[in-house]
Structures are given as structure tokens and as C-alpha cells.
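Residue numbering restarts at 1 for every chain, and letters A, B, ... go by the order of the sequence lines. Just so you know, these numbers come straight off a predicted model, no measurement behind them.
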Amino acid sequence: MQPSLFPSPGVSPAPSPVNRQVLNASQFEAATTVDGPVLVIAGAGSGKTRTLVYRVAHLVESGVAPEKILLLTFTRKAAEEMLSRASGLLNDSVRHVTGGTFHAVANKLLRRHGAGLGFAPNFTILDQGDAEGIINLIKSSLGLGAAGKRFPNKHTIVAVLSKSVNRSMALADLLDDQYPHLADFAGDLRRINEDYRKFKLEHGLMDYDDLLVNWQRLLSDEFDLRPTIAGLFSHIMVDEYQDTNQIQAAIVRGMALDHHNVMVVGDDAQSIYSFRGADFRNIMDFPAIFPHTRIIRLEENYRSTQPILSLTNGIIAQATEKYTKQLFSTITEGEPPVIHGARDEAGQARFVVDRITALHRQGIPLSDIAVLFRSGFHSYKLELELTNRQIPFEKRGGLKLTESAHVKDVIAYLRVVTNPADRLSWNRILLLLDKVGPKTARLVLDAVRGAEDPVAALKAYPAGPGWKKGLHGLADTLASLHDPGLAPSGQLDLLLEYYRPLFERIYYDDYPRRGSDLEHLRTILAGYDTLQHFIDDTALEPPQAATDGTADYGAGGDRLILSTIHSAKGLEWDTVFVIHLAEGAFPSPQSFQPEQREEERRLLYVAATRAKQRLYLTYPREIMAVDRSYHHGALTPFLADLPAGLYRAEGGGDFAAPGFADRCATPRFPASASRSRSPVRQQGGDADGFPVGTEVRHNFFGQGTVRAIAGPRTVEVFFPRHGVKTLHLDYAKLERLDP
DNA sequence: TGAGACGCTGTTTTT
DNA sequence: CAGCGTCTCA
């Protein structure tokens with residue numbers, strides 16, 4: 001018998017950052033509590049992953065069957081890593097644990113048990129682009145948004161419909177609350193939603209929300225399946241619980257109802273996904289749903305040095321929500337975080353690359369360094385600089401491989417092979433034929449739909465002389481793809497033979513560039529045993545687009561990581577750069593409501609807490625916009641408001657060099673440097689500059705009237721078209737209209 | 001009815 | 001600057 005991983009706590013409870021095999025007392029308690037509900041409040045870097053890994057191993061070691069354990073994580077990668085580490089601790093039986101995202105597990109369950117809901121096992125998962133495509137079809141079929149008429153675009157419609165699902169709100173209430181300017185469209189949106197629902201059901205399609213909703217339905221009283229589904233697992237763990245929404249919380253409840261053996265782990269200070277319906281209050285509500293919940297706090301940080309933690313504590317301390325944790329580190333020594341103001345974006349890129357080069361020379365591997373940013377496009381300049389200097393990098397977040405038109409084409413062919421009812425994909429591939437437009441495609445589809453053998457029906461269609469050949473070529477190719485002896489990679493090879501000529505005609509101006517994506521696709525497909533799994537993953541775990549030449553440079557080798565902050569969640573690096581921390585870029589200008597701004601603050605907190613040894617926070621002082629005007633960029637208020645002494649200021653010392661303000665194309669506010677700690681901060685204007693009754697203009701809400709002063713820098717404004725909004729003058733671009 | 005030119009708009013974050 | 005939708009011509 002092997003020695004237990006878990007000697008009694010009395011023997012080895014000592015927290016030791018040196019010997020990381022050992023758990024501290026709280027971690028130990030979390031890892032060894034087998035039965036009953038447990039809520040773990042885990043601060044950043046507090047060893048949460050390690051705790052979960054040990055708990056999985058402990059459950060198995062104490063006799064819980066691995067296939068009875070469910071581990072829900074935020075990404076598939078996280079689940080894979082945890083399970084592989086747990087295997088390392090114990091043995092390979094851990095591999096039978098079910099792990100993955102809510103969406104991936106839902107997919108698995110629904111392919112087995114979705115028949116009762118009216119779904120065949122070969123349903124296709126829609127990504128956001130697919131959903132938008134269908135919405136567009138429906139929109140035009142309903143005659144909405146025809147020329148001259150005002151109607152929300154597909155992107156907005158999908159966002160609204162999805163939010164109403166994920167927030168579990170009626171459409172009317174959501175519009176009222178978040179989109180008052182769309183109130184007039186409520187009726188039409190409801191019609192679109194109803195048609196969308198029917199379309200998906202008829203064509204065997206599920207979007208991301210459906211995966212969750214339908215999992216929840218499996219657990220509802222509507223069907224007799226609850227005991228079966230809930231009986232699949234006896235022990236459930238949920239990571240990143242602060243980023244679950246109400247449906248996910250309901251799923252957890254339904255799955256654990258019979259045994260209450262459920263552990264959720266989260267950190268309310270790191271909740272950054274409310275835009276897709278997440279609500280960190282799920283954490284607070286958990287003990288009410290599961291009585292006698294044991295609450296365990298992990299507050300000791302093993303990741304970062306104390307200087308870095310002091311700064312991140314400072315960032316989160318400014319939040320309006322009061323977070324109870326105050327993290328402390330045992331690593332007291334370390335370099336203070338650096339705030340670097342660069343002259344412009346190019347200067348910022350140079351600074352980052354220079355510093356990385358220097359660190360690399362000191363022996364720090366590139367893969368121990370990450371550059372993080374708010375939005376995908378914030379790294380464009382840096383990517384150029386890295387390419388010039390031949391530094392290999394890998395970009396995470398931002399554009400996905402599957403979002404480019406030519407890759408969507410290829411996937412559409414494969415999708416009709418697995419799901420012949422997928423009308424959206426049929427439509428797409430028919431449109432690729434010369435002389436076939438929307439009208440013809442529709443006629444063909446109507447003839448093919450419902451046919452016993454769609455491919456044969458396709459070939460039998462009385463095509464016009466101009467496109468008969470093309471249609472036959474398509475039908476023959478699809479027929480050959482159905483060969484059961486063919487592996488997915490073989491299917492792709494056959495398909496590409498057919499597609500390449502079309503591809504070169506359609507993308508005649510840049511097909512060489514796009515061609516490398518098709519090669520990339522081949523290597524990805526080689527790793528799959530069934531086409532269905534590949535297609536599922538293109539929606540559930542879309543592969544990143546190859547960045548450029550440098551991507552091949554060190555495949556599997558030492559590469560710098562560039563990532564959006566959202567995609568960096570849960571990860572850590574020795575050295576972290578957070579770039580573009582300029583007012584106007586961070587917080588994102590779209591985030592004007594107070595709760596949204598608070599989430600942006602947490603986002604910066606998440607970014608900064610990724611750093612172990614070194615943290616660099618940079619911003620450009622001058623940003624060139626598309627219209628070639630220069631915009632003055634001050635440091636983000638989240639950092640500018642920090643007490644001095646938490647960081648070292650570089651790049652001139654001041655956060656806004658005098659002189660730049662004069663060149664600012666449109667000064668937003670009269671300079672009032674009086675109150676702010678940093679000398680020349682541009683933003684601001686105190687609330688008393690906007691007395692009650694002042695007419696103001698906001699770049700989104702339009703014209704309005706100040707109704708009340710809510711704080712020293714906060715005003716309440718009534719906008720006739722949007723209602724009353726509370727605006728913080730540090731963030732909202734509020735313009736005073738003189739009578 | 002399809003193909004192509006032209007003009008407009010708008011750029012978070014992700015399963 | 002590109003991706004989308006609209007308009008016009010063949």
C-alpha cells in the first residue's frame with residue numbers, strides 16, 4: 001500500500017513556500033473535506049489550483065470512484081492540467097474524472113440525453129458568428145431592418161437575446177434596465193427570438209446559451225431525467241465560481257441536490273465576466289442554497305512578492321464593493337512594481353521589447369514573461385516590434401482561427417457531413433459556387449431538405465447550365481467524405497482538393513496568406529479521431545489564429561505570451577507587463593456605468609496579480625487615433641489614484657508631461673489640477689462644476705440634465721431617452737452645454 | 001438574380 | 001481600415 005498523501009494535519013500543517021508539496025491548514029481542510037457543501041474563498045495566488053488537485057487525488061484515494069467526480073473549470077486547459085497533476089500525485093485512474101467547462105460537459109450530456117428535448121445526438125453547436133448569421137436571415141425574412149428603417153444590428157440583437165437568457169431576465173425587463181433606447185423594438189425582438197428558437201430546433205442547432213439552458217432542463221421536473229443526470233456524479237467541484245451565472249448556479253444546485261457533496265471555489269474580487277451574465281453574488285448565495293456549508297478562506301499568497309501584493313491590495317482597496325480579504329505574502333523581498341509612461345504607442349512597444357530582451361539576457365525564459373492588455377488590438381504595435389526584433393511570441397485571446405471566412409468555409413463543409421440538417425452551413429457552401437446567390441441557394445435547400453439522402457438530392461437538382469458542373473463537384477465531394485473508413489484528416493485532404501480552386505478564386509487577392517491557415521487546420525485535425533469532436537471544439541475551444549511568421553519559429557519552444565487579461569485568468573508568470581493603461585483605453589470607454597467600471601478595476605487587479613517577481617505597468621502618453629488626431633493619454637485613474645510609494649515611476653516621473661496637454665486635439669475638461677495627487681491629470685472636474693439643473697451632453701446618452709450631486713465627483717443625470725444615470729466624472733465624458 | 005462597386009460605421013472581454 | 005450592407009449594372 002502506498003503511503004498516504006495526507007498525513008494528519010497535526011503532522012505537517014506548516015505552510016512552506018519552499019516545499020510546495022505541503023498544504024497549509026486551510027488548504028488541507030479544503031482538500032480533505034470529502035462530504036457536504038464547501039465554499040472556498042480563494043484569494044489570488046493562494047494555492048487554489050494546488051488545493052483542487054490534492055482534493056481530486058484525495059477523493060479518489062478515499063474510495064470515491066473517479067467516474068463519479070465532476071470538476072467544472074473555466075477552460076478545458078485548466079481541467080486538463082489539474083487532472084494531469086492529480087494523476088501524477090496518485091495514479092492514472094484519475095483520468096476517469098470528468099473535467100471541463102460547463103459548456104463542454106453540457107455538450108457531452110446532451111448528445112447522450114438530448115433526445116427528450118427534441119435534439120438528435122448530432123446537433124451542431126453555434127458560435128457567435130453563426131448565431132449572428134441566423135439572426136440576419138430571420139431579420140430579413142421578417143422584413144425588419146430593410147433599407148431606410150432603423151433596427152439594431154445582428155451583433156446587438158444576439159447580445160440582447162443572450163443576455164436575457166444568461167441573466168435569467170425577461171426581454172422587456174432587460175431592455176428596460178440595460179437598453180432603454182431599444183424599448184421600441186421589444187415586440188420585434190421577441191418575434192426574432194421566437195423564430196430563432198424554432199430555427200435552431202428544426203435544424204439541430206444549439207448556441208452556447210442553449211447548452212446551459214438545456215442542461216438545466218434535463219434537471220427540471222419537465223422530464224424524468226433528473227435522477228439519471230444527477231446520479232452521474234457523487235462529488236462535484238466548481239472552480240472560478242465568481243464567474244458563473246444564474247443558470248450555472250441552478251445546474252450546480254440540480255446536480256448536487258441529492259447528496260450536497262459540492263465544493264465551489266472562487267474570489268469575488270476577481271469577477272470579470274458579468275458581460276456574459278456572471279454574478280459574483282452566486283458566491284454569497286451558495287451557503288443559503290446548501291445549508292451547513294463549510295466556509296474556508298485561503299488568504300496567504302504564495303505567488304507574488306510583497307511589493308507586488310501591496311500594489312494589488314491598493315488597487316482593490318479602492319473598489320466600492322468591500323472585499324474582506326487582505327492578502328499577504330511570505331516573499332517579503334522584491335522589486336517594486338514599475339509604472340512607465342512612454343511617449344507614444346511605439347515608445348511603449350520599444351520599452352517593453354527592450355526590457356524583455358534585457359531580462360532574457362539575464363536568463364529568464366521568454367515563456368516566463370507575459371504581456372497583458374485590455375483588448376486584442378492593443379497589442380498590434382507590439383506585435384510589429386516583436387516581429388521586427390525576431391522575438392517569438394504567442395497571442396491568446398482576440399481573433400480566433402475559426403473567425404476567418406476561409407476557415408469558416410471549410411468547417412461548413414464538415415458540418416453538413418456530420419449534421420445534414422445544418423441549414424446555415426448548407427447555405428454557406430452553396431453560396432461559394434459560381435452563379436449561385438442567396439435566391440438559388442434557397443431553392444436548392446428547399447429541394448434538398450428532408451430528403452432521405454441529401455447528397456443524392458443535391459446531385460439530382462435541375463441546375464442551370466452555368467452552375468451544374470459546380471453543383472455536381474460539390475455533391476461528389478460530399479459523397480466521398482462519407483466514406484466510413486476515412487479518418488478526419490483524410491476527409492480534410494479530400495475536401496481541400498475540392499475547395500482549393502474555389503478558395504483561390506474567391507480570395508484571389510490574398511489567398512497565399514490565408515493558405516497557411518488551411519495548413520494549420522490540417523495539423524489540428526490530425527489530432528482528432530472523429531469529425532464531431534473536432535467540430536464541437538471549433539465552437540467550444542476555438543484554436544487561436546496563427547499570429548504570423550514568428551508563430552512557427554519556436555513551436556513548442558520558448559515563446560513570449562501576449563494575452564488579453566480575460567484569457568490570462570488563473571495563470572501566472574515570473575514577469576508581467578500590463579500595457580495600454582491609459583485613460584480612455586482602460587477602463588474601456590464602453591464601460592460607463594458604475595458597476596461596469598468596478599469590473600474594469602477588478603480586471604486590472606486580475607492582471608496585476610498574475611505577476612510573481614516583476615510587474616511593469618505601462619501607458620502611452622500620446623495616442624494617434626484613426627483620424628490621425630492625437631489624443632492625450634493620461635494614466636488610468638485606477639493607478640493614478642494610488643498612494644505614492646507603492647510603485648516606482650519611470651519615463652519622466654510625472655504621469656503626464658506638461659506640454660502634451662497643449663497639443664491635445666480636444667481637451668475634454670478645463671484643466672483643474674487642484675485635487676489630484678498626480679500633478680497634471682487632465683480628467684476630472686468636480687461635481688460642483690455641474691450644479692443641479694446644468695444641461696450636459698454625454699457621448700452615448702446624448703443630452704441630459706443634472707438631477708442631483710451624488711458625491712464629490714459623481715452626479716446623477718437625467719437623459720430623456722435613457723432615464724437617470726449615475727456618472728462618475730473621472731470616467732464619464734460629460735460636456736457642459738452653456739445655455 | 002448574381003457580382004461587384006461604393007459608402008458607412010464602429011472597435012471589449014468569451015463559452 | 002475593414003467588414004458590412006446597400007445600390008447598380010450585366
**Message:** Using a 6.0 Å distance limit plus a 45 degree cone around the ring axis, check whether A:Arg514 lies over the aromatic ring of A:Phe503.
**Reply:** no

Categorize [X] for me: base, sugar-phosphate, or nothing, with a 4.0 angstrom heavy-atom threshold over every strand shown.
| X | value |
| --- | --- |
| A:Ser567 | sugar-phosphate |
| A:Tyr273 | sugar-phosphate |
| A:Glu541 | nothing |
| A:Asp434 | sugar-phosphate |
| A:Tyr208 | base |

Between [N] atom [atom2] and [X] atom [atom1], what is the distance in whole Å?
| X | N | atom1 | atom2 | value |
| --- | --- | --- | --- | --- |
| A:Leu137 | C:dG5 | CG | P | 11 Å |
| A:Phe373 | B:dT14 | CZ | P | 10 Å |
| A:Trp467 | B:dA3 | CH2 | C1' | 16 Å |
| A:Lys569 | B:dT14 | NZ | C1' | 10 Å |
| A:Leu126 | B:dT14 | CG | P | 19 Å |
| A:Lys408 | C:dG3 | NZ | P | 10 Å |
| A:Leu540 | B:dT14 | CG | C1' | 12 Å |
| A:Leu212 | B:dT15 | CG | P | 13 Å |

**Request:** Quick one: pull up CG in A:Asn153 and NZ in A:Lys139 and give me the separation to the nearest 0.5 Å.
**Result:** 6.5 Å

With respect to the side chain of [X], which nucleotide from [options] is positioned closest?
| X | options | result |
| --- | --- | --- |
| A:Lys154 | B:dT15, C:dC4, B:dT13 | C:dC4 |
| A:Ser375 | B:dT1, B:dT14, B:dT13 | B:dT13 |
| A:Asn136 | B:dT15, B:dG2, C:dG5 | C:dG5 |
| A:Thr564 | B:dT1, B:dT15, B:dT14 | B:dT14 |
| A:Thr440 | B:dT15, B:dT14, B:dG2 | B:dG2 |

**Comparing A:Gln596 and A:Val436 on DNA chain B - which has the more 5′ nearest nucleotide** = A:Val436

**Asked** Between A:Pro542 and A:Lys439, who's closer to the 5' end of DNA chain B by nearest nucleotide?
**Response** A:Lys439

**Pairwise P distance, C:dC4 and B:dT13 [rounded to whole Å]** = 16 Å

side-chain contact (heavy atoms from CB on, under 4.5 Å) against [X], all qualifying residues, sequence neighbours excluded:
| X | result |
| --- | --- |
| A:Thr530 | A:Gln532, A:His533 |
| A:Ala349 | A:Leu382, A:Glu385 |
| A:Leu445 | A:Arg423, A:Trp426, A:Asn427, A:Leu430 |

**Request:** Give a yes or no on whether the backbone of A:Val407 and the side-chain of A:Asp517 come within a donor-acceptor separation of less than 3.5 Å.
**Result:** no

**Message:** With a 4.0 Å limit, can you tell me whether A:Ser588 has a side-chain N or O closer than that to the phosphate oxygens OP1/OP2 of B:dT13?
**Reply:** no

**Asked** Who passes side chain to side chain donor-acceptor pair (under 3.5 Å) against A:Asp434, sequence neighbours left out?
**Response** none

Give every pair of a protein N or O atom and an N or O atom of nucleotides 4-9 of chain B that lie under 3.5 Å apart, one pair per line with the distance.
none

**Prompt:** Residues in salt bridge (charged side-chain N to carboxylate O under 4.0 Å, His left out) with A:Arg217, at least two apart?
**Reply:** A:Glu222

